[in-house]
Amino acid sequence: MPELPEVETTCRGISPFTLGYSIESIIIRQPKLRWPVNPELGAILSGQTIINVKRRAKYLLLQMPIGDLMIHLGMSGSLSIVEEQTVGKHDHLDICLSNGKIIRFNDPRRFGSVIFNQQGDSHPLLIKLGIEPLTDEFDGNYLHHQAIGKNTPIKSFIMNNHIVVGVGNIYAQESLFLSGIHPKRAAGKVSLVRMKHLVQIIKQVLAEAIEAGGSSLKDFTGADGKPGYFQQKLHVYGRQTKNCLKCHKPLKQVVISQRSTVYCAQCQR
DNA sequence: ATCGGGACCTGCTTGC
DNA sequence: TGCAAGCAGGTCCCGA
């Protein structure tokens with residue numbers, strides 16, 4: 001379940017094996033992903049050199065002179081670097097490189113996507129995205145300003161990609177617990193001071209997860225290590241049957257925007 | 001304009 | 001035991 005830290009870790013992990021090499025071919029075994037994979041992808045991109053590998057929100061961008069290959073991991077996708085051709089279940093797509101390595105896209109639930117983008121930041125899937133959480137632009141003033149008049153729960157608000165990208169269900173829950181804000185509180189009713197605190201926590205939690213992911217990542221050629229967030233101490237996510245780590249009272253679970261949400265009624269107001 | 005909910009998909013867990 | 005329902009998760013899109 002890739003959250004932003006895992007996408008960032010993947011980005012850093014594949015870089016050494018891809019940067020500066022060219023695409024020789026693309027094998028599409030299953031084109032039915034979130035968006036249909038263009039059957040001409042291989043023809044369009046063969047011979048193209050990968051000149052940059054970056055992340056925007058939860059998209060991985062393999063940048064080439066004629067455009068970017070945008071990869072989204074959805075909820076169950078992953079990339080690995082392999083050399084052999086033996087394919088496993090859900091290995092939907094291979095990007096074969098000039099160095100003999102293969103970037104393999106595996107995604108059991110097929111919520112991910114592989115799209116060729118020649119429009120840069122103005123691509124329809126990118127144009128409406130909010131700011132990156134780990135930039136200076138994302139601060140308490142920004143979040144507070146965006147929340148003016150909004151009745152939507154603060155949890156839904158920080159998970160809204162139009163406001164800030166990359167805060168998924170796990171980190172929304174964790175961040176709200178650590179900043180002591182009730183997940184159902186109306187976004188417009190969170191004070192500036194608390195918004196500043198929340199922003200600081202979000203940055204910290206994401207950065208720690210990236211660090212954990214990075215340190216667990218050896219060579220990216222196998223399924224080594226778990227996603228960064230499983231190496232972190234999770235305070236509320238998945239702990240609905242347990243007690244609060246701060247006050248030791250039982251945690252509560254509710255559904256907000258169809259998403260399971262665990263919180264402490266005592267510590268979060 | 002704002003917000004909630006449906007849809008997409010598979011695998012693991014839980015319950016009858 | 002076997003099968004079905006429930007749930008997880010990201011994000012686009014539509015309807016109220």
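Keep in mind that the numbers below use all heavy atoms, side chains included, and drop hydrogens, waters and symmetry copies. By convention in this document, chain letters (A, B, ...) are assigned in the order of the sequence lines, proteins followed by strands, and residues within each chain are numbered from 1.
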Whole-Å gap separating [atom2] ([N]) and [atom1] ([X]):
X	N	atom1	atom2	value
A:W35	C:dC12	CH2	P	7 Å
A:I158	B:dC3	CD1	P	15 Å
A:L73	B:dT10	CG	C1'	16 Å
A:D107	B:dC8	CG	P	16 Å
A:H92	B:dT10	NE2	P	8 Å
A:Q146	B:dA1	CD	C1'	14 Å
A:N169	C:dT11	CG	P	11 Å
A:L234	C:dA8	CG	P	15 Å

> So, A:R55 and A:E132, do they make that salt bridge, N to O below 4.0 Å?
Replying inline: yes
>> Regarding A:D94 and A:R29, does a basic nitrogen lie under 4.0 Å from an acidic carboxylate oxygen?
In response: yes
[X] side chain near [N] phosphate (N/O to OP1/OP2, under 4.0 Å):
X	N	answer
A:H162	C:dC12	no
A:K89	B:dG11	yes
A:Q258	B:dG4	no
A:R110	B:dT10	yes
A:K58	C:dT11	yes
A:S260	C:dA8	yes
A:H72	C:dT11	yes

>> Using the side-chain heavy atoms of A:H90, tell me which of these nucleotides is nearest: B:dC3, C:dT11, B:dT10.
In response: B:dT10
>> Looking only at the side chain of A:Y237 (C-beta and beyond, no hydrogens), which of the listed nucleotides C:dA8, B:dC3, B:dG4 gets closest?
In response: C:dA8
Would you indicate what [X] reaches in the nucleic acid, counting non-hydrogen atoms under 4.0 angstrom: base, sugar-phosphate, or nothing?
X	value
A:F157	nothing
A:L125	sugar-phosphate
A:K32	nothing

> Around A:K252, counting heavy atoms of other residues, nucleotides and ligands shown, do more than 12 lie under 6.0 Å from its NZ?
Replying inline: no
> B:dC8 base stacked by A:F111? Criteria: ring centres under 5.5 Å, plane angle under 30°.
Replying inline: yes
> Between the side-chain atoms of A:R34 and the base atoms of C:dT11, is any donor-acceptor pair under 3.5 Å?
Replying inline: yes
> Hey, mind stepping through A:K101 and A:I81 against side-chain contact (heavy atoms from CB on, under 4.5 Å) and telling me if it holds?
Replying inline: CA-CA 6 Å; A:K101 307 281 188 190; A:I81 302 286; 3.9 Å; yes
>> Which label fits A:H92 and A:F105: parallel for a plane angle under 30°, tilted from 30 to 60°, or perpendicular past 60°?
In response: tilted
> Looking at A:Y263, does the NZ or CZ of A:K184 lie under 6.0 angstrom from its six-membered ring centre and within 45 degrees of the ring axis?
Replying inline: no
